[in-house]
Participant: 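Just passing along the structure, written as structure tokens.
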There are 2 protein chains.
Amino acid sequence: MSQRRGAKRAAAKKTIVPPVEEEIATNSLEEETGTSSEEERITKSQRNSKKQQKLVEEGEQRSDETEDGDAKIENKKGKRTGNRQQKSNSEPLKKVAKTDGKLNKTDSDFGSLDFTSKSKTKDGKPWNLKISSWNVSGIRALIKKNGLDFLKHEDPDVFCMQETKCSTKNLPAEAIIDGYHKYWCAAEKDGYSGTSLFSKVKPLSVTYGIGDKEQDKEGRTITAEYDKFYLVNVYVPNSGRGLVTLPKRLKWNQVLKDYLKKLDVKKPVILCGDLNVAHNEIDLTNPKTNTKNAGFTKEEREGMTELLEEGYIDSFRHLYPDKTGSYTFWAYFGNARAKNVGWRLDYFVLSERFVGNVCDCVNRSDVYGSDHCPITLFLNV
Amino acid sequence: MSQRRGAKRAAAKKTIVPPVEEEIATNSLEEETGTSSEEERITKSQRNSKKQQKLVEEGEQRSDETEDGDAKIENKKGKRTGNRQQKSNSEPLKKVAKTDGKLNKTDSDFGSLDFTSKSKTKDGKPWNLKISSWNVSGIRALIKKNGLDFLKHEDPDVFCMQETKCSTKNLPAEAIIDGYHKYWCAAEKDGYSGTSLFSKVKPLSVTYGIGDKEQDKEGRTITAEYDKFYLVNVYVPNSGRGLVTLPKRLKWNQVLKDYLKKLDVKKPVILCGDLNVAHNEIDLTNPKTNTKNAGFTKEEREGMTELLEEGYIDSFRHLYPDKTGSYTFWAYFGNARAKNVGWRLDYFVLSERFVGNVCDCVNRSDVYGSDHCPITLFLNV
DNA sequence: CTTTGAAGG
DNA sequence: CCTTTAAAG
């Protein structure tokens, strides 16, 4: 069953129009069926020039919402391979979270958290657009823990996920949140990586990947074009234990930088997601002992610096240059989260010329369900 | 923590002596340290002629019980391999069963079950020896479900397990049940197959395998020699989906038959365990639809027939020739157990000349925790 | 420590 | 459907 969304907004913002269709893509953007609406309409020709898009596929799938607003998706019977029964497409998850055996906290106390914000731009303009980003570390596990209840409370206009770890054909029905246009970008490899973007307003265009044949197999990037900016949702490759994939990661950094540069000449860019690097010593609890570990090597940190030098701002650090102990990731082991032994790996990085539009940027460290917490950006656009 | 055992015996039987040591073997029998006692003493020379025993191994391990009878075993720190933390040897299991998400029943209502028996031999002699056998489908999972509480209630003199799926070094402390001599036979492949034998009375000898180099890598057989008989605990190879391992299985049948023959010339044999075959149509719910499935092929059934023709008795069927609907295995899927759509795959097969010693043979179909249920043999010896 | 999928049942 | 492991984080 789809979630019912209890809107609860503090400041004024532009009206959101519900008419909706959904896009699910495994490393590719599928045809749209629904009609777009409102001011941010996009022409057919615009949408069809999907440069980065790669059409791979099997198991394609789409879902249109019903008139009463309840998400309903096709329920094809899974084909049998031998005796092994395959899960049907997007059935509700049958299992609930095994709260019993968990050693780490999984439940958020949403009732006691405050998601409101009266933040304004430097010029005093109130926020009217909210973007959230979350490395969910497996959307199916998150759903079992009721982690997507976050959306009921945060109610962002745009929601970006990383590490969904779910092929399109295995998406549970609970992932089809009502009221958003939904875009899925899965890795070729089942259960690995994967990103998703939910948007109340239909983007002018949505593309997948950063134009690198190899890297784009891993479902790491979704770009949504809006009237005033590009939003790029990324899950940057982890450099791995023993830094085995550091070379791949550094190459990715270069390709991403080039990719953003091309967008930035057209419109301001908002890059969000898990950048898999703590930029400076202030961005993690144990800088001294982690210089040889993935996420805090010299090379990764320099990559972040080089990116910013292209003309981007780390919005959180821009607003809170001296704030310590504010992280977005805590290892599952060692009771790290309870001790706030963490890393700031998730960012909203935006074009310098857009920084005047920023109202606030917060790390939702009290929201559980993953080893990362969500982050939220408040903008006036 | 080790289990405390609440003895509750209905009929008289010979006294059991507690002094205890333990043997844990990965495909091999380790040196004993404890002193054997009582009438069934075994000479050093006898014990050292372990013909079938194969000394492979790594990760050897032993445990001696403390004076107050509480099982205590060495707690070597797991060595680290890279960043990956290995579990320490035989620590108590930290996680409890995820009762939440289970679709199948896992808890036995021991309080309402009757494990007593007034059964007698044909000649009217009361039982004085009880042997239980259970394919536990993963001893660690069973323990999380408190499945070994079965022992507190059944309180057998000998307990045979199949599919322990646990290398010796990963055995949880809860597996070290007090009051038994314990023998473990694990497969070379971690988490696969594996058998165990617990005995209140120390066997005259214990050997592993059936004398086949290949087959004996899989930890499928433990033979315990007693004064009056041999007890052979087996986990017969499954023929697999699509019968891919049927040839291996048929070879196994031959080797086992030859192995038993050699024992049988010395003493009567009791073969117990998961024979992975439903012998006749009466032994499964759906004989018609399963003739091409592992466990009910012509070849497997004939293998069972050929074994019995060597001079053995299927004790359950001998006692209850027409009893229908009495099974020892139900597939986890399709709610099979609740519907009693099952198979009789677990047996006590014994030498014809020993059948006069049988008092009863029962399938404990109300004991949960595995896809098999325990079976229990009552004997007068 | 946790999430995936795979093999095996 | 369930239990194991391996790979990845």
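Proteins get letters first, then strands, A, B, ... in listed order; numbering begins at 1 in each. Just so we're clear, the structure is a prediction, and the values are computed from it rather than from any experiment.
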Participant: What are the two closest heavy atoms between B/Gln162 and B/Gly273, and how far apart are they?
Facilitator: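 That closest heavy-atom pairing would be NE2-CA, 3.4 Å.
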
Participant: Measure CG/A/Asn135 against P/C/dT3 and give the value in whole Å, please.
Facilitator: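 The distance from CG of A/Asn135 to P of C/dT3 comes to 13 Å, rounded to the nearest Å.
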
Participant: Looking at C/dG8, C/dT4, D/dA8, which one has an atom nearest to any side-chain atom of A/Arg140?
Facilitator: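 The nucleotide sitting nearest to the side chain is C/dT4.
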
Participant: Of the nucleotides C/dT4, D/dC2, D/dT3, which has the atom closest to the B/Leu103 side chain?
Facilitator: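 Output: D/dC2.
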
Participant: Could you state the CZ-C1' distance from A/Arg249 to D/dG9, rounded to the nearest angstrom?
Facilitator: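 From A/Arg249 CZ to D/dG9 C1': 13 Å.
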
Participant: Assign the ring pair A/Phe329 / A/His372 to parallel, tilted or perpendicular, where the plane angle (0 to 90°) is split at 30° and 60°.
Facilitator: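 The arrangement is tilted - the two ring planes meet at 30° to 60°.
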
Participant: Whole-Å distance between C/dG8 P and B/Lys189 NZ?
Facilitator: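 So the two atoms are 5 Å apart, to the nearest Å.
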
Participant: Nearest whole angstrom, please: distance from the C1' of D/dT4 to the CD1 of B/Ile143.
Facilitator: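 Spelled out: CD1 on B/Ile143 to C1' on D/dT4 is 15 Å.
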
Participant: In whole Å, I'd like the distance from the CG atom of A/Asn238 to the C1' atom of C/dT4.
Facilitator: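 Taking CG of A/Asn238 and C1' of C/dT4, I get 15 Å after rounding.
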
Participant: By nearest atom, which of the nucleotides D/dA8, D/dG9, D/dT4 is closest to the A/Arg241 side chain?
Facilitator: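 For A/Arg241, the side-chain atoms sit closest to D/dG9.
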
Participant: In whole Å, I'd like the distance from the CG atom of A/Leu243 to the P atom of D/dG9.
Facilitator: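 From A/Leu243 CG to D/dG9 P: 12 Å.
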
Participant: D/dA8 pairs with which nucleotide, Watson-Crick or G-U wobble, both distances below 3.5 Å?
Facilitator: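 Answer to the pairing question: C/dT2, which forms a Watson-Crick or G-U pair with D/dA8.
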
Participant: Side chains of B/Thr328 and B/Asn363: do they bring a donor and an acceptor to under 3.5 Å?
Facilitator: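 No, no side-chain donor-acceptor pair sits under 3.5 Å.
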
Participant: What is the ring orientation for B/Phe296 with B/Trp343, classed by angle as parallel under 30°, tilted 30 to 60°, or perpendicular over 60°?
Facilitator: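 Perpendicular, since the angle between the ring planes exceeds 60°.
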
Participant: Testing A/Asp212, A/Thr245, A/Val234, A/Asn276 one by one against A/Trp252 for a side-chain contact (heavy atoms from CB on, under 4.5 Å), which residue passes?
Facilitator: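 Only one option passes, and that is A/Val234.
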
Participant: Counting any heavy atom closer than 4.0 Å, what does B/Phe329 reach on the DNA or RNA strands: base, sugar-phosphate only, or nothing?
Facilitator: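 Nothing: the residue B/Phe329, judged by heavy atoms under 4.0 Å, touches no strand.
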
Participant: How many Å lie between CZ on B/Phe333 and P on D/dC2, as a whole number?
Facilitator: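 Result: 11 Å.
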
Participant: Any side-chain N or O of A/Tyr192 under 4.0 Å from OP1/OP2 of D/dG9?
Facilitator: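 Answer is yes, contact under 4.0 Å.
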
Participant: In whole Å, what is the span from the CG atom of A/Asn335 to the C1' atom of C/dC1?
Facilitator: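 Distance, rounded to whole Å: 10 Å.
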
Participant: Tell me which nucleotide among D/dC2, C/dG5, D/dT4 gets nearest to the side chain of B/Asn104.
Facilitator: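 From the listed options, D/dC2 comes nearest.
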
Participant: When you measure from the side chain of B/Lys165, which nucleotide among D/dT4, D/dT5, C/dG5 comes out closest?
Facilitator: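 Looking only at side-chain atoms, B/Lys165 lies closest to D/dT4.
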
Participant: Distance check: side-chain N/O of B/Lys145 vs OP1/OP2 of D/dT3, anything under 4.0 Å?
Facilitator: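 Affirmative; the distance criterion is met.
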
Participant: Pick the closest DNA chain C nucleotide for A/Asp190 and for A/Gly334 by heavy atoms, then say which residue is nearer the 5' end.
Facilitator: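 Checking each residue's closest nucleotide, the 5'-ward one belongs to A/Gly334.
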
